[in-house]
Amino acid sequence: MTDRRDELAANLAKVEERITAACVAAGRKREEVTLIVVTKTYPASDVRILSGLGVRHVAENRDQDAAPKAAECADLPLSWHFVGQLQTNKVRSVVGYADVVQSVDRARLVTALSREAERAGREVGCLIQVALDAASGDRGERGGVAPDGIEELADLVAGSAGLRLAGLMTVAPLAGEYAGRQRAAFERLMDLSTYLRRSHPAANMVSAGMSADLEEAVAAGATHVRVGTAVLGVRPRLG
Ligand SMILES: *Cc1c(COP(=O)(O)O)cnc(C)c1O
């Protein structure tokens, strides 16, 4: 366990250095960027170590794994982010522990989140997940709404009890015009955020960038980066 702590501490320090360097390069303050550690596929014991090392935000993408992990870690001062595609039948469970759902991409999901948040007496932060490679009116293969669907969903979230519209999230597309162009993709997300904030000024979270492209996200103006592999190691399976 001590070895694992050393390993996580060293990885965390490297990621911290990368974020700091990216902030310096972009002329941004380090406090403008929040690190979210994506703990999917890793055990609750790792989450506990990370909390001890000062991590305050963790993310998960599968409710089956996340729910027991969050329960085991309920005593820790952590914010839990849900970043995976979310089925409506999992919403009640997710609302039980998630402070923020970053993968809001359809009206039915908003309705379900609102109902369960109200039932639980909780306020759930919502990010609209944007699929930059999705065609107009469509959704992305890995979830997310096409850019022209943001406004309608955002208005719906903003008008829903129990929900707080917090901003936008994206995953850099593997296909389409932004494939291999993370910086351009994240700049597009920033433009969409600027537009969104005209009608929803408080929705100022911009979640972008992972282990491989956090520098591009910070350069573009992201407020939150989601880092898994670079902190915890290469995942044993796709997740
Ligand atoms: C897994 C995952 C991450 C982290 O990816 P890494 O490459 O391991 O840093 C970030 N965002 C989402 C939505 C993920 O599913």
Side-chain angles (χ1 to χ4, degrees), residues 33-34 36 38 59 61 81-91 94-95 98 100-117 123-210 212-214 216-226:
V33 180
T34 299
I36 302 170
V38 184
N61 73 336
H81 297 249
F82 192 87
V83 298
Q85 293 191 43
L86 181 51
Q87 303 303 315
T88 47
N89 63 351
K90 298 281 196 273
V91 165
V94 167
V95 163
V100 180
V101 174
Q102 297 206 0
S103 45
V104 175
D105 63 357
R106 59 202 191 281
R108 257 169 56 82
L109 182 55
V110 175
T111 311
L113 283 166
S114 174
R115 185 185 339 110
E116 295 303 331
E123 185 187 70
V124 178
C126 293
L127 300 188
I128 308 294
Q129 181 179 347
V130 183
L132 292 168
D133 56 344
S136 171
D138 226 343
R139 284 176 50 221
E141 259 178 52
R142 293 180 294 166
V145 66
D148 65 358
I150 296 172
E151 195 169 356
E152 192 182 331
L153 264 187
D155 290 346
L156 186 60
V157 171
S160 294
L163 306 183
R164 178 175 54 85
L165 179 67
L168 300 180
M169 181 273 242
T170 203
V171 177
L174 298 171
E177 62 169 314
Y178 290 108
R181 300 171 59 225
Q182 287 89 340
R183 176 76 185 263
F186 297 147
E187 280 173 355
R188 173 87 172 111
L189 186 71
M190 280 308 300
D191 287 345
L192 294 167
S193 168
T194 302
Y195 185 78
L196 174 70
R197 278 176 282 134
R198 283 188 205 153
S199 40
H200 302 282
N204 57 5
M205 260 179 86
V206 180
S207 174
M210 319 199 297
D213 52 22
L214 72 86
E216 285 84 355
V218 171
T223 62
H224 291 69
V225 293
R226 311 177 305 269

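No experiment lies behind these values; they were computed from the predicted model shown. Just the heavy atoms: all of them, side chains too, but no hydrogens, waters or symmetry mates, feed the values below.
Minimum interatomic distance between Ala158 and His200 (heavy atoms only, all atoms of both residues): CB-CE1, 3.5 Å. Of all heavy-atom pairs between Ala131 and Gly143, the closest is CB-O, 3.7 Å. Of all non-hydrogen atoms in Cys126 and Leu163, the two that sit nearest each other are SG-CD2, 4.0 Å. For the pair Gln129 and Ser103, the tightest heavy-atom approach, listed with the atom from each and the gap, is OE1-CB, 3.3 Å. Nearest heavy-atom pair across Phe186 and Gly209 is CZ-N, 3.7 Å. Smallest separation of non-hydrogen atoms from Ala117 and Gly162: CB-O, 3.5 Å.
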Got a list of side-chain donor-acceptor pairs under 3.5 Å for residues 164-176, not counting sequence neighbours?
unit_1	atom_1	unit_2	atom_2	d
Arg164	NE	Glu123	OE1	3.3
Thr170	OG1	Val130	O	2.6

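Residues satisfying the ring pair (Phe, Tyr, Trp, His ring centres under 6.0 Å) test with His224, not counting sequence neighbours, are none. When the side-chain contact (heavy atoms from CB on, under 4.5 Å) test is applied to Arg106, the partners found at least two apart in sequence or on another chain are Thr88, Leu109, Arg139.
Between the CG atom in Leu132 and the CZ atom in Arg188 there is a gap of 7.0 Å [rounded to 0.5 Å]. If you take CD on Glu187 and CE on Met190, they are separated by 9.5 Å, rounding to the nearest 0.5 Å. In this structure, CG on Asp105 lies 13.0 Å from CZ on Arg142, to the nearest 0.5 angstrom. Distance check: Ser193 OG to Leu127 CG gives 10.0 Å after rounding to the nearest 0.5 Å. With rounding to the nearest 0.5 Å, the separation of CG in Asp155 from CG in Leu196 is 8.5 Å. Considering OH of Tyr178 and CG of Leu189, their distance stands at 10.0 Å, rounded to 0.5 Å.
Here the side chain of Asp213 pairs a donor or acceptor atom with the backbone of Met210 at under 3.5 angstrom. Judged by distance alone, the side chain of Ser114 and the main-chain N or O of Ser160 form no donor-acceptor pair under 3.5 Å. At least one donor-acceptor pair under 3.5 Å links the side chain of Thr223 to the backbone N or O of Val206. With Asp148 contributing its side chain and Gly137 its backbone, the two residues share a donor-acceptor pair below 3.5 Å. Of the possible polar contacts, none joining the Asn61 side chain to the Gly84 backbone as a donor-acceptor pair under 3.5 Å is found.
A heavy-atom distance below 4.5 Å is not found between the side chains of Val225 and Ile36. Looking at heavy atoms from C-beta onward, Val101 lies in side-chain contact with Val104 at the 4.5 angstrom threshold.
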Requested in this report: Report the C-alpha separation of Ile128 and Val145 in whole Å, then their side-chain angles, then the decisive distance to 0.1 Å, and conclude whether the side-chain contact (heavy atoms from CB on, under 4.5 Å) test is met.
Outcome: CA-CA 8 Å; Ile128 308 294; Val145 66; 3.7 Å; yes
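Side-chain atoms of Ser207 and Gln102 include a donor-acceptor pair closer than 3.5 Å. Side chains of Arg198 and Thr194: a donor-acceptor N/O pair is absent below 3.5 angstrom, by distance only.
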